Amino acid sequence: MNLLDEIAGAKTIGIAGHERPDGDCIGSCMACALYIEKAFPDVRADVFAQELPGSLLKNIPASEKIRYNGATDIEHYDCFIVLDTGAGRLAEAEKHFESALKTINIDHHVSNPGAGDVNCIDPEASSTCEVLYRTMDPSLIDEKIARCLYIGIVTDTGVFRYNTTSAATMELAGKLMGYCKDFPDIVKEVFYAKTPVQQKVMGYVLYNSVLSLEGRLITGMITYDELQRLHAGINDIEGISSQLMLTEGTEAAVFIHGSQNGEFRVSMRSAGRVDCAAITGKLGGGGHAGAAGMTFTGDPLDMIKTIEQMVKDQLDAV
Ligand SMILES: [Mn+2]
């Protein structure tokens, strides 16, 4: 697909990604808008999104352009471009997508059958930003567009760690780095940076973590009272189970945290031999083999023993 050919003649273009935007979602949306306005300065490209995490708001170029709550004075966009999702998850922008004269869908989710009149979906691609780049004329890319695309790729590849990272991904990232010298800072601020509170919660859980099954299972826990004492909220526990899973020799990691209503939430990770979803599924939760979760009420120490036995049974059976 050549994006400029597809939007030729359109004077108003709406752009949106999925609800609760991440770096690939807002990165691809803003890269798309900046690119279109660079190619066609008389075209208006509106980006719709829900509220962004502070790290993205700070690092995404032209983030002051973002329209919240679907706000616009345009009734029917000539063209509407959906990125990093299909239809149904566009939040307040859904109505603008539905009323547009032409729709385009660019994505990398295997579950997306294509929601647009024209679709460009590559499930093999690392990110929507990588798919979007292939629809662009490289001579129009500038520093701002490159930053947007790089943020999307960094986010969706877990900084080039996940197996969706291909040679083409690295080549593209290399090209984008040529536009700007502060790419290490983007990686740090968008992906790794944590607030002091988040660091304290992480430190607390790691320090108090317990190894069992000869070091093959690691368990970390924090109660709701302890979260309150650290002034931490639900947004301050991201990435803890993944961090536990980095412990050498472990086959599985379990992170449990308390919540306001007295329930406990379990987040589980596996290095490959343990099927997390098989365990959480039996306990009322769901997820994938490598990452799964569930909630429960009752004694967390009893639940840890139950999960420990199920992990042991799986490992013994292999
Ligand atoms: Mn994505």
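Counting convention: from 1, in listed order, for ligands and their atoms alike. Values in this document were obtained by computation on a predicted structure and should not be read as measured data.
For D84, the N/O/S atom at the shortest distance from the Mn ion (ligand 1) is named OD1. Distances from the Mn ion (ligand 1) to each N, O or S atom of D24 single out OD2 as the nearest. When the N, O or S atoms of D156 are ranked by distance to the Mn ion (ligand 1), OD2 comes first.
In E238, the CD atom is not crowded: 12 or fewer heavy atoms of neighbouring residues, nucleotides or ligands sit closer than 6.0 Å.
The only member of D107, T85, N119, D84 that meets side chain to side chain donor-acceptor pair (under 3.5 Å) when paired with N112 is D107.
Under 2.8 Å from the Mn ion (ligand 1) lies no N/O/S atom of H109, from backbone or side chain alike.
With contacts defined as side-chain heavy-atom distances shorter than 4.5 Å, the pair I222/V201 qualifies.
For the residue pair T128/S28, the side-chain donor-acceptor check at 3.5 Å is not satisfied.
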